[in-house]
Protein chains: 2
Amino acid sequence: MSEESTKQKILDSAGPIFAKNGYQKATVRDISEAAGVNLASINYYFGDKEKLYTELLLLAREKMGGGLSFPNLNSENSPTELLERFVTVLLRKLGIGEEPDWQIQLLVNEFLQPSSSSREIVEGYFRPYFESLLEIIDQLAGTGLNREDRLRLGFSVIGQCLHYRLAGPMISMLAGEDEAQGAFGLEKISHHIARFSIAAICGFNKISEPNPSGRV
Amino acid sequence: MSEESTKQKILDSAGPIFAKNGYQKATVRDISEAAGVNLASINYYFGDKEKLYTELLLLAREKMGGGLSFPNLNSENSPTELLERFVTVLLRKLGIGEEPDWQIQLLVNEFLQPSSSSREIVEGYFRPYFESLLEIIDQLAGTGLNREDRLRLGFSVIGQCLHYRLAGPMISMLAGEDEAQGAFGLEKISHHIARFSIAAICGFNKISEPNPSGRV
DNA sequence: TCTCCTTTTAAATAACTGTTTCAACCCAGC
DNA sequence: GCTGGGTTGAAACAGTTATTTAAAAGGAGA
């Protein structure tokens, strides 16, 4: 049990530290200290710092996969409901409106500075979600959606969501700290993105070119 | 002249190295070696590593500010034209569709992991652009736009644009390398984002709540 | 109690970091 | 030619890093 305990203490402490500081700035000394274990324990149980990190990445991916489930496309819900639910779930997974889990931060860091395991994460974890989003978009947009537009529509939705995770500090600065608290809670953001995207997707085919005459 | 040369060689070499590796991973030894100057020259000319970095940030901001100018809001152009032009200019500044300059990478890194000088960059450089975007949105949306919605509309446009700079690798993986080349060139992206956003903004007030009945 | 194996501990190691030192160098101005 | 300022060079410094070592401690089985 002592072995389990020590190893687990390392994992528990290392996750937040890697997430907060990144791989480089996180030191094994900080981790061992935070875990209340001896410095050598990390190498004893995990081999080296990098193996500890990859084990945490694996745990992060497992954790992210479970928990919140995306809407069932075969349900009788309307496409607009499905999209709003999709956005809400994605934002919640991204940890918007709450202190983000270290698991999410770890995966997001992998996106931004892609390493060897990024491809695996995208293929195994993110692609299924993205495909289900595209199916919702199909239902919303109706017929006549070409392949490229379909992808770009998906990225327009994803991009809005990710923005609130990635550009959080910038948003606070531009909106002001006080306003950022009120106007950018989870519900308000997800409602906004859903409304914005539904209006866009439904109106998409009506505007083949931006209309030079002004209002549409 | 030799002084100019050495200092300039340091600046030229340090920019890409900081951009690529981030502040922590970039070492003064790497920089001095790449510049072909002595290790001590960096401290001789810049005081320390951090002062070199902030000087590079300043240069990056100057470079980004000049060159492409955002549309003049007082012109006789229609709001839709203005928005498309805004998006195009922003994407070009972000270096979409070309190999990104180190200057851009440096500023983007500041967004993602804000340091002490981030606030200055946002206030001095980004806020004016953001405000002009909000004015374009005002013209597109017409009356009755509350303060919070106005901000969120702005971030929906910005978020879509930034997504192509931040999530480039993920996009390539999800869309496939071949398709990413074709479907995500500068013109196609900017045209898409403009079209998507115009449809969304113009249709925004028509959907107070996502409509449960399906198509709108 | 003795033994064997796993685990923990503290210390040492070697590599790497930013920074400093100080002698050597260059090159105008006298 | 010499002098003195600014500049360069190689080495050393002090601090931190991940990693390794070897001894100590613990704990179960005989």
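First the proteins, then the strands, lettered A, B, ... as listed; each starts at 1. Side-chain atoms are counted along with the backbone in the values below, which use heavy atoms only and exclude waters and symmetry mates.
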>> Does A:E50, at its CD atom, have more than 12 non-hydrogen atoms belonging to other residues, nucleotides or ligands within less than 6.0 Å?
In response: no

> Between A:K9 (NZ) and C:dT7 (C1'), how many Å, whole number?
Replying inline: 12 Å

> Once you round it to whole Å, what is the distance between P of C:dA11 and CG of A:N43?
Replying inline: 18 Å

> What's the CD1-C1' distance between B:I42 and D:dT7, to the nearest Å?
Replying inline: 15 Å

>> Check the phosphate of C:dT7 against A:T6, side-chain N and O only, distance under 4.0 Å to OP1 or OP2. Yes or no?
In response: no

> If you measure from CD1 on B:I17 to CD1 on B:I10, what distance do you get to the nearest 0.5 Å?
Replying inline: 11.0 Å

> NA contact type, A:T27, heavy-atom cut-off 4.0 Å: base, sugar-phosphate, or nothing?
Replying inline: sugar-phosphate

>> If I take atom OH in residue A:Y44 and atom P in nucleotide D:dA24, what distance separates them, rounded to the nearest angstrom?
In response: 18 Å

> Atom CZ of B:F46 to atom P of D:dT8: distance rounded to whole Å?
Replying inline: 11 Å

> Of the candidate nucleotides D:dT20, D:dT19, C:dT19, which contains the atom at the shortest distance from the side chain of B:D48?
Replying inline: C:dT19

>> Rounded to whole Å, how long is the line connecting atom CG of A:L52 with atom C1' of D:dT19?
In response: 14 Å

> In whole angstroms, how far is the P atom of D:dA18 from the CD1 atom of A:I10?
Replying inline: 14 Å

>> On a heavy-atom basis, which atom in B:K9 and which in B:G36 lie closest, and how many Å separate them?
In response: NZ-O, 4.4 Å

>> Could you check whether A:K49 makes a cation-pi contact with A:F18, meaning its NZ or CZ is under 6.0 Å from the centre of the six-membered ring and within 45° of the ring axis?
In response: no

>> Please list, in numerical order, the residues of residues 29-39 of chain B that have a heavy atom closer than 4.0 Å to any atom of DNA chain D.
In response: B:R29, B:N38

> Is a salt bridge present between B:R127 and B:E131, judged by a nitrogen-to-oxygen distance below 4.0 Å?
Replying inline: yes

>> Please confirm whether the shortest side-chain N or O distance from B:Y45 to OP1 or OP2 of D:dT8 is below 4.0 Å.
In response: yes

> If you measure only the distance, is there a donor-acceptor pair under 3.5 Å linking the side chains of B:Q8 and B:D12?
Replying inline: yes

> Atom NZ of B:K49 and atom P of C:dG18: how far apart are they, to the nearest Å?
Replying inline: 4 Å

>> Please check if the number of heavy atoms outside B:E148 that lie under 6.0 Å from its CD is greater than 12.
In response: yes

